[in-house]
**Student:** 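Once you've had a glance at the structure underneath, I'll fire off some questions.
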Amino acid sequence: DKGDYPHHMLKEIYEQPETVANAMRGRLDDSDSTAHFGGLNLTAKQLRNIDRVVMTACGTSYHAGLVGEYLFEELARLPVEVEYASEFRYRNPPMDPRTILVAITQSGETADTLAAMREGKRMGHPALAICNAVGSTIAREADGGVYLHAGPEIGVASTKAFTSQSTVLTMLALYFGRTRHLSSLQGQRIIDELRALPDAIRKALGCHEQVKKIANRYAECNNFLYLGRQYLYPVALEGALKLKEISYIHAEGYPAAEMKHGPIALVDPHTPSVFLVPRGNVFDKVMSNMQEIKARRGPVIAVCSEGDREVATVADDMITVPDVPEYLQPIVTAIPLQLLAYEIAVLRGCDVDKPRNLAKSVTVE
Ligand code: M6R
């Protein structure tokens, strides 16, 4: 049921303040300043022994895994590798026995993700699933896991699953961090910041009117670039995927500084670049990448912090998002990119909820 919304995708975008709150419900523990999960099923010994994490997934879930890589490195100091499930299943990578596997999947039925998880289990690694669909094959076959509790996602383009997966990965990084080097004060700060997240998402949704205007200006373009660094590099990939799959526009996501190693040759006045440039550690670096694009006469759409005057001196168009700590920026900045893809697809008359050539879950390899 779409309610008052014209498409499932738009409804699911607007559900995100609640779905992210649902992912956290009952899992934040103030007494130990950590997160708790009912079903990880790891013994204390396994938990202590873990020294490496392999995440495996496809599509949007793979992008959430890339966010997870930054989160686990920063908050838990655990080395992470993120592998496309379709690649991992046919490789035979040397795996340290103390590695755990994390399969990330909305549907729990993606054939490649299932096969990759089975392969990891066969090699003797504990496998956790971060999954939305309760009772799905991957949820059943995993040794343990965390449900998203996001409710059914009907639109083929994954939206609320991505923000919930990123939220669960943040809580897992907090949990592993607290068994290692994170102090209770640091843990408590993260808990407080997580609690403020649904409100920040609500505010981010307030950019919809800005996004509609921008969609109108650029809907005719046939090529887009999406650029971000660090935590926002995976979001650049995700923004490009959203635009490709529902509006059939060619879009590429890149780490912003990688542009000058080739892709900048694509830049011209008809190729907009969507920059993820909220305030944070790499702000100045991304600003100079933005200037490089402007110097080649490429239009710049910036997703940035409210009232950022410095960005305004370079960007042609701005979409503002509320300030959150850097490790939560992927969740907040994904919102305008979902809306941008949605509005452009609608303007181009595309079937938003059921894009051509795509199925909601890919159960063949
Ligand atoms: O159900 P899963 O999360 O395993 O699905 C993985 C991908 O097929 C999925 O994310 C796909 O890329 C989406 N259509 C992207 O919006």
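Atoms within a ligand are numbered from 1 in the order they appear, just like the ligands themselves.
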**Student:** Would you say the side chain of V332 lies within less than 4.5 Å of the side chain of L197, judging by non-hydrogen atoms?
**Tutor:**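 Yes, close enough: below the 4.5 Å cut-off.
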**Student:** Below 3.5 Å, N or O to N or O, backbone or side chain included: is there any such pair between S361 and ligand 1?
**Tutor:** no
**Student:** Which atoms of ligand 1 sit under 4.0 Å from any heavy atom of Q106?
**Tutor:** 1 (O), 2 (P), 3 (O), 4 (O)
**Student:** Any pair with a residue in residues 343-356 that passes side-chain hydrogen bond (donor to acceptor under 3.5 Å, both in side chains), sequence neighbours left out, goes on the list, sorted by first then second residue, please.
**Tutor:**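 Matches after skipping sequence neighbours: H208-E343.
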**Student:** Side chain, backbone, both or neither: which part of T60 comes within less than 4.0 Å of ligand 1 when only heavy atoms are counted?
**Tutor:** both
**Student:** Just which atoms of ligand 1 are under 4.0 Å from any heavy atom in A157?
**Tutor:**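 Heavy-atom distances to A157 below 4.0 Å select 16 (O).
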**Student:** Is the F176 to F72 ring centre distance short of 6.0 Å?
**Tutor:** yes
**Student:** As an exercise, identify every atom of ligand 1 less than 4.0 angstrom from a heavy atom of K242.
**Tutor:** 15 (C), 16 (O)
**Student:** With nothing but distance in play, are any N or O atoms of S61 less than 3.5 Å from an N or O of ligand 1?
**Tutor:** yes
**Student:** Counting both backbone and side chain atoms, is some N or O of Q165 under 3.5 Å from an N or O of ligand 1?
**Tutor:** no
**Student:** State plainly whether the residues R77 and E73 are in salt-bridge range, i.e. N to O under 4.0 Å.
**Tutor:**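 Judged by the 4.0 Å cut-off on N to carboxylate O distance, R77 and E73 do not form a salt bridge.
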**Student:** Please report which non-hydrogen protein atom sits nearest to atom 7 (C) of ligand 1, along with the residue it belongs to and the distance in Å to one decimal place.
**Tutor:** C58 O, 3.7 Å
**Student:** State which residue, out of R202, K160, Q338, fulfils the side chain to side chain donor-acceptor pair (under 3.5 Å) condition with Q16.
**Tutor:**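 Of the listed options, the one satisfying the test is Q338.
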**Student:** What's the shortest distance from atom 16 (O) of ligand 1 to any protein heavy atom, and which residue and atom give it?
**Tutor:** E245 OE2, 2.3 Å
**Student:** Each residue besides M287 in its hydrophobic cluster should be listed here, by chain and number; the cluster joins Ile, Leu, Val, Met, Phe, Trp and Tyr at side-chain heavy-atom distances under 4.5 Å.
**Tutor:** L225, L227, Y254, M259, I264, L266, V267, F275, V277, V282, F283, V286, M290, I293, V300, V311, V314, M318
**Student:** Any idea which atoms of ligand 1 are less than 4.0 Å away from a heavy-atom of S107?
**Tutor:** 1 (O), 2 (P), 4 (O)
**Student:** Counting from 1, what ligand 1 atoms have a heavy atom of S158 closer than 4.0 Å?
**Tutor:** 15 (C), 16 (O)
**Student:** Is the shortest N/O to N/O distance between T110 and ligand 1 below 3.5 Å?
**Tutor:** yes
**Student:** May I ask you to decide whether D317 forms a salt bridge with K213, counting only side-chain N to carboxylate O separations under 4.0 Å?
**Tutor:** no
**Student:** What I want to know is whether V156 and ligand 1 share at least one N or O pair that is separated by under 3.5 angstrom.
**Tutor:**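 Yes - when backbone and side-chain N and O of V156 are compared with those of ligand 1, one distance drops under 3.5 Å.
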**Student:** Considering only heavy atoms, does E109 approach ligand 1 within less than 4.0 Å through its side chain, its backbone, both, or neither?
**Tutor:**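 Under 4.0 Å from ligand 1, E109 contributes no heavy atoms.
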**Student:** Taking the ring centre of each residue, are Y342 and H7 less than 6.0 Å apart?
**Tutor:** yes
**Student:** Got the closest protein heavy atom to atom 8 (O) of ligand 1, with its distance?
**Tutor:**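 The protein heavy atom lying closest is V362 CG2, 4.1 Å.
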**Student:** Give a yes or no on whether a salt bridge exists between D323 and K203, defined as a side-chain N under 4.0 angstrom from a carboxylate O.
**Tutor:**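 Looking at D323 and K203, the cut-off is not met.
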**Student:** Linking I/L/V/M/F/W/Y whenever any side-chain heavy atoms sit under 4.5 Å apart, do V324 and V20 land together?
**Tutor:** yes
